[in-house]
Amino acid sequence: MISIDSILRQRFATALGLAFGSEFANDPMIKEGDEKFADYQCNAAMALGKQLGLPPRAVAEKIIAHLDISDVCQPPAVAGPGFINLRLKPEWVAHRLTRFFCDAAEKVRGGVDLVPQPQTVVVDYAGPNIAKEMHVGHLRSAILGDAISRTLKFLGHTVVRQNHVGDFGTQFGMLIRHAQDLQLKADDSAPTKPQIADLDTYYKEAALRDKTDPEFSRQARQAVVSLQHQDPQATVLWHWIVDESRRHARELFALLGVQLTDADERGESFYHDRLSSVVERLRYALSYGGDGPATGIAEVFSADAHQRGPVDFTGVPARDVDEARGALAAAEGIQRAMEASSTTPIARAFVAESQGATCIFLPGYVDKDKAPLPLIIQKGDGAYLYATTDLAALYFRIIENKTAPEDQTPLQQDWHADRIIYVTDARQTQHFAMVFDAVRAARWDINPQSHKSVRLDHATFGSILGEDGKPFKTRSGESVKLRELLTEAVDRASAVMLEKNPDLSAQARSDGSLAVGIGAVKYADLKQDRTTDYAFSWPRMLALEGNTGPYLQYSYARIRSIFRKADLRPTELTPHGDIKLETPQEMVLARKLLQFPAAVESVERELKPHHLCNYLYSLCSAFSAFYEACPVVKAPDADLRTSRLILCELTATILHLGLNDLLGIGVLEEM
RNA sequence: GCGCUCGUAGCUCAAUUGGAUAGAGCGUCGGACUACGAAUCCGAAGGUUGCAGGUUCGACUCCUGCCGGGCGCACCA
């Protein structure tokens, strides 16, 4: 269903064109108005008055004179400096809502249209460290990433969820070495495969030995080498540790309702055998000119081992390989100049060796001594770092052809991402800024199919703090284990439900406390602007009043209860004519119901689910006012009863969509 | 020191990205159950949006400078 905003925008754009000429027929600045003044308002007159040298109010009057909107709105009014205020006609709202209810396809989507141009969007989230138990620090990424993924998918995008787990690295040396000593029979033929009872304990034991026993430590480093050379025993032990960790993570994802499967997991190990070629590609691409004013990067790609689709660099002069070597030499010149004077600004990206490490230097990044700050992609000892892995992952997600011969694990289909979203905490801001800049400098951000630049987003989030305002820890100062946190949430929810509704069956309470407890934790996280830190508080998140998960679930359950009382199923509802919006409360609720698409779109635009939370809460407030003022089951006449039941059903539909489908929070028939 | 980020009611947070008289919840005070779940609702009090300038019709929002908190600043992720 075409949104109200679009309808108004079109009407106003037409009016602007008629009034002032087609060059002014864009962006009429339509916004939802303050309820005190208007349902919607057009704010174009002020800016236009400036451009045209006319009084804004006169501009507003002229717009109205050319405006054809009487079917949708009551006569517009000019207010203040030049606001054009609009009130929707109740009969138009009623008709629209009735259509919304009657059209099954509209109803299941809450009136939200699919995007006209779907994109392939990779969402990278969760990403726990393997071999460590998940803790509260993993919570936000998982919850936010999941809600963002669900929302983008709902809008029609092709969403590729990626769980970029930390499953490869130096710490695995000590873990493998420790496993050897535990005499773990790791071959699959063993009748009972051992399990790691407590990952954290296991990790700590290994870490302690690594720290205190030099011989152990030496052997651990040797184990890393063995693993990297795919030594059978080391590999088997590594698989064993990773599988145990994966089992643990899988349980928690299921408990959380996070839609990540094993198929979505591509961790550091997946990219491991690509790292050396990534470094070489970067060295080559950046030596060639990178983000300079003109680049013949097309040749770099044709020289590349990967067959890439045709790349159109219209207007870019072709350069030959000699020139590339010249650029490399120039880069080395910059490197020498940089070492002579540590504050020489970097004019463009290049790759250089510095203090034994292979680094990408990018314009705009300096360290505390104002010296150029590198993005290190290969350590002095030859090992790779997480930046290398991130770059490899970006290359893979945007460019790499999944059926390329060297690929050992071809995917179902190529991705060629149009957009990539990283949901990680704000402390990694600079890291991702550098990685993204490096990718752009290398021109890896050009989608090989569309030839458009790929949108790279870092959806950052703040820390979870305790009620004392300091990072959320246990009393002994340890990070809070996720499993324990979630268990406590469910227990607390169960206690609250027992207190508030003792009549509920044990089974219903057991099922419900899971949805309520987990939902409370998730909602508390999602309702907050993700960029800020937030204070974790059991009483606040489990409260049944205010903007909380339990309150929204309660609102939903109360609506379902109305239908039980009416002894009616929503599918049995058939409207007699349009819905009736005779009281102010019915009208407010009706308008609110039609604003769901706008809320979903703002989540997409900013990758901020809290906009949807705020919308759903305001919907519940509007419903409460309606519920208080307008009897439903005992409505004065049958038509009004039906009409009000439809308002209930539509509210429930949108709550269900918003909570369950988009935020990943379960809803209950009764609680 | 440099960079990023935040500072809004007693507390926890919003504010449609530059729009009107800055909104909610908790807490406080006062009301509403012989009508659908009171697990709720209605009302009141509570603000120089950290401070000082600037930009313009208009600033919590943008720019500059201070003050205060958090985070980051090359071989960990």
key: Point-to-point distance, once rounded to the nearest 0.5 Å, from CD1 of I130(A) to CZ of F172(A)   =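 Going from CD1 on I130(A) over to CZ on F172(A), the span is 6.0 Å.
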Any side-chain N or O of [X] less than 4.0 Å from the OP1 or OP2 oxygen of [N]?
X	N	answer
Y534(A)	G70(B)	no
K36(A)	G23(B)	yes
H431(A)	C73(B)	no

Whole-angstrom distance between [N] and [M], as gauged at atom [atom1]:
N	M	atom1	answer
C66(B)	C4(B)	P	14 Å
C60(B)	C42(B)	C1'	30 Å
U16(B)	G54(B)	C1'	27 Å

note = Among the nucleotides G19(B), A14(B), C36(B), whichever has the atom closest to the side chain of M46(A) is G19(B)
ask   = Considering only G25(B), A74(B), C36(B), which nucleotide approaches the side chain of V632(A) most closely?
value =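 When the side chain of V632(A) is considered, C36(B) is the closest of G25(B), A74(B), C36(B).
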request  = Return yes if the base of A74(B) and the side-chain atoms of S354(A) contain a donor-acceptor N/O pair under 3.5 Å, otherwise no.
outcome  =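 When only heavy-atom distances are counted, S354(A) does reach the base of A74(B) through a donor-acceptor pair under 3.5 Å.
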request  = Hey, which sits more toward the 5' end of RNA chain B by its nearest nucleotide, Q430(A) or T531(A)?
outcome  = T531(A)
task = Hey, which sits more toward the 5' end of RNA chain B by its nearest nucleotide, F563(A) or N501(A)?
result = F563(A)
[N] base stacked by [X] (centroids within less than 5.5 Å, tilt under 30°):
X	N	result
Y617(A)	A24(B)	no
Y627(A)	C36(B)	yes
F83(A)	G19(B)	no

task = Over all heavy atoms of both residues, which pair between F461(A) and L144(A) is shortest? Give the atoms and the distance, please.
result = CB-CD1, 3.8 Å
key: Nearest heavy-atom neighbours spanning T358(A) and V279(A)   =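 Here T358(A) and V279(A) meet closest at CG2-CG1, 4.2 Å.
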task = Would you please classify the geometry between the F536(A) ring and the W538(A) ring as parallel, tilted or perpendicular, with 30° and 60° separating the classes?
result = perpendicular
inquiry  = Pairing check on C66(B): which nucleotide meets the Watson-Crick or G-U wobble criteria with it, both distances under 3.5 Å?
reply    = G50(B)
task = Report the base-pairing partner of U28(B) (Watson-Crick or G-U wobble, both distances below 3.5 angstrom), or none.
result = A44(B)
task = For K50(A), report the nucleic acid contact type (base, sugar-phosphate, nothing); a contact means any heavy atom under 4.0 Å.
result = sugar-phosphate
Euclidean distance, atom CE of residue M29(A) to atom C1' of C57(B) [Å, nearest integer] =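 Interatomic distance, CE of M29(A) to C1' of C57(B): 12 Å.
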task = Flag the pair R560(A) and E670(A) as a salt bridge only when some basic side-chain nitrogen lies within less than 4.0 angstrom of an acidic carboxylate oxygen.
result =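 No, R560(A) and E670(A) are not salt-bridged.
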